[in-house]
Amino acid sequence: MITEQNMIQTAGEPENAARRGFLNQAGNGAKLAAAGLLLQAATQNEAIAEPAAAQQGAFWPNGARLVISISMQFEAGGQPLIGADSPFPKVDFPSHIKADPVSNSWFAYGYREGVPRMLDLWDKHGVKVTSHMIGDAVRKNPALAREIVKRGHEAAGHGPRWSSQYAMNRADEKKFLIDAREMVKSVTGEAPLGYNCNWLRRGPNTLSLLQELGFLYHIDDLSRDEPFIEQVNGKDFVVVPYTLRNNDILLIEGRNYSPQQFLEQIKGEFDQLYEEAGTRRRMMSISTHDRISGTPQMVRALDEFLTYAKSKAGVAFMRKDDIARYALASPITVRETETI
């Protein structure tokens, strides 16, 4: 049972009322618990639970209709001093140049301005997010990493440094994953349960190693609009799908969208998923990065979106670890026979 973290924040519901555990086992007991909470939610607000949902069992805790999962990637400070992805043209620096000051100043915006501004936005709306943290970024800015956790957000793994792991042998990748976990844990006190590879590119051993090391879920999958379970090492492993559609690093940093275009994109996605959520479990994923979504104009757009989403009945925000726990315990979670 989850007791120490806020499992769900539902629009129009005080945050302390949202701190309740739900479904600690599958099977008949889980179905009875789901039905009981669904009935309670329907009594309080009939608009939250559709008849179809009542027939199938609770899609989400407390009868919520649609869950929104927000990622706040904490990467700034963990990038290589030269050659990291940035909006600036690629330069072939001579060997005696060890750092790209202008690119590094762009990243520094993420920890100096971006994360603090986004933390205030999440507080304003009572929203809890998942922060996938690069170990070197945490080590460089430990106070900020601790502040993220102090405010109730999840600290998840994102590698010890800004580098890919898909081509590593098993032993090297295992050390890479352990280092990523321990760097976050040593600073924040929270051992990551979820993981995100650099640019989502995992290798043939990644899932097996994550399962072996005690991780609960990963996000490097785009194949569904709801969490699901797959088999890894003969055991259940949860996928909490990520997004490229609602991702600032592609749409904003890629210089294709303005903040207002991004806002319209995510509002359109929300409207469609909210409609579908009347008859099936639906989850909306949004990805924000410290130096991109932490800008004034993007926080303004996200503020408008959160206000819009919260105006609809039964919209909830959940951390990814809580989504994964709920998916494991829910009897209606999709179980994939295919592991990609």
Quick check: do [X] and [Y] have side-chain heavy atoms less than 4.5 Å from each other?
X: L216; Y: K320; value: no
X: L210; Y: D220; value: no
X: L209; Y: R170; value: yes
X: I323; Y: W60; value: yes
X: L213; Y: Y195; value: no
X: L302; Y: F262; value: yes
X: Y326; Y: V67; value: no
X: W122; Y: M72; value: yes

Check [X] against [Y] and note the closest heavy-atom contact, atom names and distance.
X: E275; Y: R65; result: O-NH2, 3.5 Å
X: F215; Y: F237; result: O-CE1, 3.1 Å
X: A309; Y: V315; result: O-CG2, 3.3 Å
X: L250; Y: W199; result: CD2-CH2, 3.8 Å
X: S186; Y: M183; result: OG-O, 3.1 Å
X: R319; Y: K128; result: CG-CB, 3.8 Å

Scan side-chain atoms only and decide if [X] and [Y] contain a donor-acceptor pair under the 3.5 Å cut-off.
X: T206; Y: E173; value: yes
X: Y242; Y: S71; value: no
X: T288; Y: D248; value: no
X: T333; Y: R281; value: yes
X: Q79; Y: N104; value: yes
X: Q261; Y: Q265; value: no

More than 12 heavy atoms from other groups under 6.0 Å of [atom1] on [X]:
X: Y166; atom1: OH; value: no
X: R117; atom1: CZ; value: yes
X: R146; atom1: CZ; value: yes

I'd like to know if [X] pairs up with [Y] as an ion pair, taking the criterion as any Lys NZ or Arg NE/NH1/NH2 lying under 4.0 Å from an Asp or Glu carboxylate oxygen.
X: D136; Y: K140; result: no
X: D120; Y: K124; result: no
X: D303; Y: R300; result: no
X: D236; Y: R335; result: yes

* Ignoring hydrogens and geometry, is there a side-chain-to-backbone donor-acceptor pair from N233 to S208 under 3.5 Å? ->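 Checked: pair present.
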* Asked: Any cation-pi pair here, R282 with Y274, using under 6.0 Å and within 45°?
  ->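 Negative - R282 is either too far from the ring of Y274 or too far off its axis.
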* Under the criterion side chain to side chain contact (heavy atoms under 4.5 Å, CB included), which of V334, V239, L328 is the partner of I229? ->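 Only one of V334, V239, L328 forms a side chain to side chain contact (heavy atoms under 4.5 Å, CB included) with I229, namely L328.
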* **H132, H218, Q73 screened by side-chain hydrogen bond (donor to acceptor under 3.5 Å, both in side chains) with N196, the one that passes** =>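 In the set H132, H218, Q73, the residue that makes a side-chain hydrogen bond (donor to acceptor under 3.5 Å, both in side chains) with N196 is Q73.
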* Asked: D322 and R325: salt bridge (charged side-chain N to carboxylate O under 4.0 Å, His left out), yes or no, with the steps?
  -> CA-CA 5 Å; D322 290 334; R325 291 186 183 100; 3.0 Å; yes
* Asked: Roughly how far, to the nearest 0.5 Å, is the CD1 atom of I249 from the CZ atom of R291?
  ->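 It comes to 4.5 Å.
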* Look up atom CD in E212 and atom CD1 in I178, then write down how far apart they are to the nearest 0.5 Å. =>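 The CD atom of E212 sits 8.0 Å away from the CD1 atom of I178.
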* Applying side chain to side chain contact (heavy atoms under 4.5 Å, CB included), name anything that partners E269, two or more places apart in sequence or on another chain. =>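 Per chain and number, E269 pairs via side chain to side chain contact (heavy atoms under 4.5 Å, CB included) with R245, N246, L273, M284.
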* To do: Report the C-alpha distance between D271 and K267 in whole Å, list the side-chain angles of each, state the deciding distance to 0.1 Å, and finish with yes or no for salt bridge (charged side-chain N to carboxylate O under 4.0 Å, His left out).
  => CA-CA 6 Å; D271 287 343; K267 284 176 69 175; over 6 Å; no
